[in-house]
Number of protein chains: 2
Amino acid sequence: MDETPGLRERKKAATRAALHEAALQLAIDQGVDGVTVEAIADAANVSRRTFSNYFSGKEEAIFHGDTVRLRRMLELIRAQPADDQPWTALTRAALQLAEETYLGNEEWLTRRRLLRGHPSLAAHQVAAFAVVERELAAELAERLSGDDVALRARVLAAIFLTTMRVAVQDSTEHPDRPLLDVVAAALAAAAPA
Amino acid sequence: MDETPGLRERKKAATRAALHEAALQLAIDQGVDGVTVEAIADAANVSRRTFSNYFSGKEEAIFHGDTVRLRRMLELIRAQPADDQPWTALTRAALQLAEETYLGNEEWLTRRRLLRGHPSLAAHQVAAFAVVERELAAELAERLSGDDVALRARVLAAIFLTTMRVAVQDSTEHPDRPLLDVVAAALAAAAPA
DNA sequence: TACAAAACTTGCCCAGTAGGCAAGTTTGCC
DNA sequence: GGCAAACTTGCCTACTGGGCAAGTTTTGTA
């Protein structure tokens with residue numbers, strides 16, 4: 001395997017990460033509405049035009065972290081044993097991700113909390129979770145059999161993702177309760193018959 | 001009860017409906033990206049500025065119909081017997097709404113199909129469904145007992161709404177299958193344990 | 001190592017957009 | 001009738017997304 005994906009790719013990843021970080025921090029400091037794309041680009045030492053080559057708007061930049069985590073979750077799901085029950089596989093992957101996320105980045109939830117409740121952000125978060133829906137449905141279709149596999153896979157994917165979203169949102173509103181707890185409880189409440 | 005909510009309110013409702021209708025039709029005719037807010041306002045005989053007093057963007061205007069239907073669904077859910085199992089109440093309400101929607105407006109799905117697959121629209125649709133999530137959660141909390149009522153109500157609300165969204169999206173992609181069928185199958189697949 | 005092709009950045013540009021403000025108009029109510 | 005509240009409109013401005021073309025960096029190949 002290729003350890004280094006090439007200089008070009010590494011630079012792009014760095015720029016993307018810098019823009020994300022700048023967007024997040026500025027949004028926290030000045031409020032989402034108080035930040036301009038230009039300010040974000042400046043903070044990341046890049047032109048405003050380049051920002052547009054990476055993200056389609058500041059909200060997308062702010063939620064880049066979620067996008068990355070969601071992709072990671074897809075990986076984890078694909079890595080689950082093929083003969084697990086689908087919901088079991090999803091639950092395991094979700095708990096693994098929650099653990100990883102929490103260990104690797106303790107301040108994650110704290111920073112989230114600082115931009116909670118903004119309506120346009122909430123809308124974008126919902127959308128961010130929905131983006132991987134089709135990909136996840138395709139994966140789940142492989143693990144299902146019987147009638148209506150396509151529809152059932154889609155429903156399962158949507159349910160799972162929306163449950164994760166609710167767990168995360170709920171976590172930002174109840175700082176006292178461990179993330180793993182909330183995720184586990186939410187997934188248990190959502191488990192299909 | 002007051003039959004007439006007053007001239008002012010009726011006019012507002014009419015303007016809103018006209019803007020929605022214009023937005024929908026123009027988006028179908030010229031493509032979502034080809035339509036400007038100004039064109040929509042013109043078609044509804046209203047100034048561009050007034051459009052902004054009603055909707056925050058063309059996507060919101062396009063999905064106004066969904067918003068109305070979702071509010072109607074909330075009503076139907078509240079009207080279900082208080083001692084029904086929550087998921088039973090939700091299922092009944094959903095099927096009633098599907099019937100109403102289909103009977104009252106046969107071309108609804110047909111027109112939807114014409115603007116399927118546009119990414120920015122998909123994102124807004126997801127958001128439109130998520131808007132009522134908290135309201136629905138509050139209603140469902142009344143019907144639950146035991147531990148973690150708040151979280152479980154929220155998860156249930158989110159699951160239900162996302163399932164309805166998937167059913168509708170799936171319906172626009174499979175014109176042959178009756179909407180009621182798809183809704184019933186989706187809700188069955190989503191039913192929590 | 002050299003160098004052409006591909007990919008990326010940037011500045012310039014423009015049409016579209018949200019929303020503040022103030023003047024004019026319509027509706028509700030006594 | 002007449003006043004107050006609500007709504008519409010035009011004007012204005014800062015911000016945005018994305019097309020284009022020129023300049024720069026990386027990559028693959030010879």
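The basis for the numbers below is simple: all heavy atoms, side chains too, and nothing from hydrogens, waters or symmetry mates. In what follows, chains carry the letters A, B, and so on, assigned in the order in which the sequence lines appear, proteins first and then strands, with residues in each chain numbered from 1. These numbers were taken from a predicted model, which means no experiment stands behind them.
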Chemist: Using heavy atoms to find the nearest nucleotide of DNA chain D for A:E59 and B:T15 separately, return the residue whose nucleotide is more 5′.
Modeler: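 In this pair, the answer is B:T15.
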Chemist: In terms of side-chain heavy atoms of B:R49, which of D:dA5, C:dT9, C:dG20 is nearest?
Modeler: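 Out of D:dA5, C:dT9, C:dG20, the nucleotide with an atom closest to B:R49's side chain is C:dG20.
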Chemist: Using a 4.0 Å heavy-atom cut-off across all strands, classify A:F55 as base, sugar-phosphate, or nothing.
Modeler: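 Here A:F55 touches no strand at all.
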Chemist: Measure from CD on A:E38 to C1' on D:dT16 and round the result to the nearest Å.
Modeler: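 For the pair A:E38 CD and D:dT16 C1', the rounded distance is 11 Å.
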Chemist: With hydrophobic residues grouped by side-chain heavy-atom distances under 4.5 Å, do A:L74 and A:W87 end up in a single group?
Modeler: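 As far as the 4.5 Å side-chain criterion goes, A:W87 and A:L74 are connected within one cluster.
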Chemist: In terms of the nearest nucleotide of DNA chain C, which residue is placed more toward the 5' end: B:G57 or B:K11?
Modeler: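 That would be B:G57.
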Chemist: Any side-chain donor-acceptor pair under 3.5 Å between B:R49 and B:S52?
Modeler: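 The answer is no; no qualifying pair exists.
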Chemist: Give A:T36 one of three labels, base, sugar-phosphate or nothing, depending on what nucleic acid heavy atoms sit under 4.0 Å from its own.
Modeler: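 Answer is sugar-phosphate: A:T36 comes under 4.0 Å of backbone atoms only.
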Chemist: Using whole Å, what does the distance between atom P of nucleotide D:dT27 and atom CZ of A:R10 come to?
Modeler: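 The distance from CZ of A:R10 to P of D:dT27 comes to 8 Å, rounded to the nearest Å.
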Chemist: Go through the steps for B:S47 and B:T50 under the test side chain to side chain donor-acceptor pair (under 3.5 Å), then give the verdict.
Modeler: CA-CA 5 Å; B:S47 75; B:T50 293; 3.1 Å; yes
Chemist: Between the base of C:dT26 and the side chain of B:R8, is there a donor and acceptor pair under 3.5 angstrom?
Modeler: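 Side chain to base: pair found, below 3.5 Å.
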Chemist: To the nearest angstrom, how far is B:K58 atom NZ from D:dG17 atom P?
Modeler: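 Computing the B:K58:NZ to D:dG17:P distance gives 13 Å.
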Chemist: Measuring to OP1 and OP2 of D:dT8, would you say a side-chain N or O of B:T50 lies under 4.0 angstrom away?
Modeler: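 For D:dT8, OP1/OP2 do not have a side-chain N/O of B:T50 under 4.0 Å.
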Chemist: What about A:R48, does its side chain sit under 3.5 Å from the base of D:dG18 through a donor-acceptor pair?
Modeler: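 Such a pair exists between side chain and base.
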Chemist: Using whole Å, what does the distance between atom P of nucleotide D:dG28 and atom CG of A:L7 come to?
Modeler: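 Nearest whole value for this atom pair: 11 Å.
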Chemist: Over how many whole Å does the gap from A:F51 atom CZ to D:dG17 atom P extend?
Modeler: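 Distance, rounded to whole Å: 7 Å.
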Chemist: Any side-chain donor paired with an acceptor under 3.5 Å for A:Q169 and A:Q125?
Modeler: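 Side chains of A:Q169 and A:Q125: pair found under 3.5 Å.
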Chemist: Please find the pair of heavy atoms, one from A:A158 and one from B:R165, that lie closest to each other, and give the distance.
Modeler: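 Distance-wise, the nearest heavy atoms are CB-NH2, 4.1 Å.
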Chemist: Does B:Y54 place a side-chain N or O at less than 4.0 Å from the phosphate oxygens OP1/OP2 of D:dT8?
Modeler: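 Yes, B:Y54 has a side-chain N/O under 4.0 Å of OP1/OP2 on D:dT8.
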Chemist: For the pair made of CG in A:N53 and P in D:dG23, what is the distance, rounded to whole Å?
Modeler: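 Atom-to-atom, A:N53 to D:dG23, this comes out as 18 Å.
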Chemist: Nearest whole angstrom, please: distance from the C1' of D:dA14 to the CG of A:D33.
Modeler: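 Distance check: A:D33 CG to D:dA14 C1' gives 14 Å.
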Chemist: Is there a side-chain contact between A:K12 and the phosphate of C:dC8, meaning an N or O under 4.0 Å from OP1 or OP2?
Modeler: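 For C:dC8, OP1/OP2 do have a side-chain N/O of A:K12 under 4.0 Å.
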